[in-house]
Amino acid sequence: VSEYIPRLREELVAAAARERAGERRRLPRPRPKRLALVAATAALVLALVVAVAAIDLPRDEQPAFPNPSTQALDFQVTPVPGGDTAAAAQESAAILRARLAAAGVAGATVVVAGDRVSVEAPPAAHETVAALAVPGELAIYDWEASVLGPDGRPAPGDARVTGGQDAGRSGGVSQYEAGMRAAKAANAGEPAAYWLLDDGAREVIAGPSWSRDALGAAPDGARVVEVPGGVRIVEGTSGSEDRWFALAGSAAIRNDDVRGPGVETTSLGETGVAFELTPAGRTAFESLTRELARRGEAGSRPGEDPLRSAGHFAIVLDGDLASVPFVDYRFTPGGIDGRQGVIITGGLTRERARELAAVLSTGAMPAALVPDEEEAP
Amino acid sequence: MGEIADSDEALLLSGEPEAFGRFYDRYVRSLLAYFQRRTRDPEIAADLTAETFAAALAARGRFEARATPASVWLFAIAHHKLTDFHRRGSAEDRMRRRLGMARVPVEADDAEMIALLGDEVALQLVSELPPEQRDAVRAHVLEDRDYRDIAREQMTSEATVRKRVSRGLSALRGRAGGVR
């Protein structure tokens with residue numbers, strides 16, 4: 001027979017009585033054993049010595065002689081229209097070096113030559129280098145207010161568009177349909193992107209691209225559509241063909257709001273990337289989640305599952321929908337405390353989480369780094 | 001005021017130690033289930049529950065009954081403890097130590113009871129209760145709704161809802177075996 005509930009009650013009521021009487025009860029603190037303390041200190045010192053000896057940060061200059069154990073990975077730097085390619089290349093290389101260091105990749109060299117960035121690294125590290133050369137654009141959106149419906153406008157109250165309780169999985173459409181919805185959205189003033197769509201097959205042939213010309217001549221039955229700046233086509237995690245969403249509007253949280261990303265393991269054993277928010281980020285996050293709680297409560301009906309009306313926010317990383325958590329207005333009616341930070345989970349391996357943390361530690365790339373075998377956007 | 005008429009807020013704001021005990025009685029199973037469903041670890045769920053009630057006891061002087069229902073306030077603390085646990089990887093015992101509370105060990109029977117409170121198996125048992133008890137238990141224990149709200153929805157008295165919850169939980173304990 002379980003005794004836990006009455007025993008905890010006894011402890012609490014006794015504590016309440018002591019509080020009322022102004023009494024204090026001191027519990028003995030376990031004292032660390034001297035031997036264990038010495039051993040722990042020795043282990044810490046040893047670990048530091050080993051770590052310092054093992055640090056081999058990526059170098060900025062070319063080695064005097066080609067290193068036979070490394071191979072080059074070349075990227076073409078493609079800034080936004082009107083951007084300074086040379087400056088973008090230098091900045092991108094600096095960011096890549098910082099990411100390599102944060103991810104603990106040893107023996108890599110990053111050099112800039114014109115509009116190209118070249119990374120000399122051991123072949124075993126090439127996959128990691130490619131994972132670190134991504135844009136790294138993080139954005140957190142108000143999901144219901146941002147997902148576009150068939151007319152290119154948000155429909156916060158329509159579960160067929162937002163997915164309702166199953167936000168991020170239900171309500172998705174094909175990439176072609178997401179592109180069509182995105183093309184109907186209002187212009188937010190940022191540079192537009194272009195997509196090549198095949199209306200007959202209802203498929204996306206190419207995109208996004210920052211110029212029409214880069215898409216080449218449209219084949220028969222295909223056409224180029226212009227997607228207004230600030231509108232994103234993101235890929236959900238449902239695994240079905242209809243897993244795409246078009247998002248418009250400004251993100252509440254971006255890379256600049258992130259501080260101190262690192263790998264964490266949740267109590268459920270899931271590996272995730274956790275980060276703190278800057279003061280401005282905290283304010284924005286609290287404001288976002290407060291609004292979601294308010295909407296969730298306003299939309300609730302007596303007798304109905306409270307989560308049916310709960311609002312969601314979407315964490316988007318480089319066009320991928322990382323997760324779409326809900327805000328339970330019953331527990332956090334005033335929004336979520338931004339000091340708690342954010343954790344991204346969802347099938348991440350420890351290695352992938354380490355790469356992601358490294359990517360988020362530096363901010364987004366100022367230009368796309370396109371591997372040589374691919375075509376530039 | 002009689003026991004039934006005392007609101008959560010009145011119990012929380014009362015300086016009487018036993019009043020806090022009665023407030024605890026109303027929510028301890030909901031909190032254990034809440035943490036169990038989110039951590040899948042009875043020992044952690046127990047520690048987080050204890051720490052949440054300790055924090056509520058220490059902070060009840062700052063509770064404002066007009067601003068928010070006591071249950072919402074309690075679960076906001078619980079949510080904070082859970083988030084803190086996810087970030088630290090362990091349940092803290094700061095508030096319990098501050099109040100001089102000894103840690104209550106979680107024995108095998110306790111773990112079984114907590115697992116039942118949070119598991120789908122328990123949900124299955126709930127669904128097998130008579131409809132009136134099932135709805136009352138589901139609304140109060142699983143959805144954390146207060147008695148007044150449920151009574152209003154079911155067009156009955158608060159006392160009747162309490163009775164249904166109580167009987168439903170007694171039946172569940174009987175079916176689960178060894179659960180208090």
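We name chains A, B, ... by the order of the sequence lines, and we start the count at 1 in each one.
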Per-residue tally against chain A (heavy atom, under 4.5 Å) across B/A19, B/A54, B/A46, B/A76 peaks at B/A46
Should we count CD of B/E132 as having more than 12 external heavy atoms under 6.0 Å? no
List the steps and the verdict of side chain to side chain contact (heavy atoms under 4.5 Å, CB included) for A/L138 and A/I315. CA-CA 7 Å; A/L138 173 79; A/I315 304 174; 3.9 Å; yes
Measuring only between side-chain heavy atoms, which start at C-beta, is [X] closer than 4.5 Å to [Y]?
| X | Y | value |
| --- | --- | --- |
| B/F35 | B/D47 | no |
| A/R282 | A/E276 | no |
| A/E3 | B/E107 | no |

By a 4.5 Å heavy-atom criterion (distance strictly below it), what part of [X] contacts chain A: side chain, backbone, both, or neither?
| X | value |
| --- | --- |
| B/R152 | neither |
| B/V72 | both |
| B/P69 | neither |
| B/L32 | side chain |
| B/D25 | side chain |

Ring centres of B/Y27 and B/F53 under 6.0 Å apart?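 Judged by ring-centre distance (under 6.0 Å), B/Y27 and B/F53 do not meet the cut-off.
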With chain B, which of A/A16, A/A274, A/A15 has the greatest number of heavy-atom pairs at distances under 4.5 Å?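 The candidate making the most pairs under 4.5 Å is A/A16.
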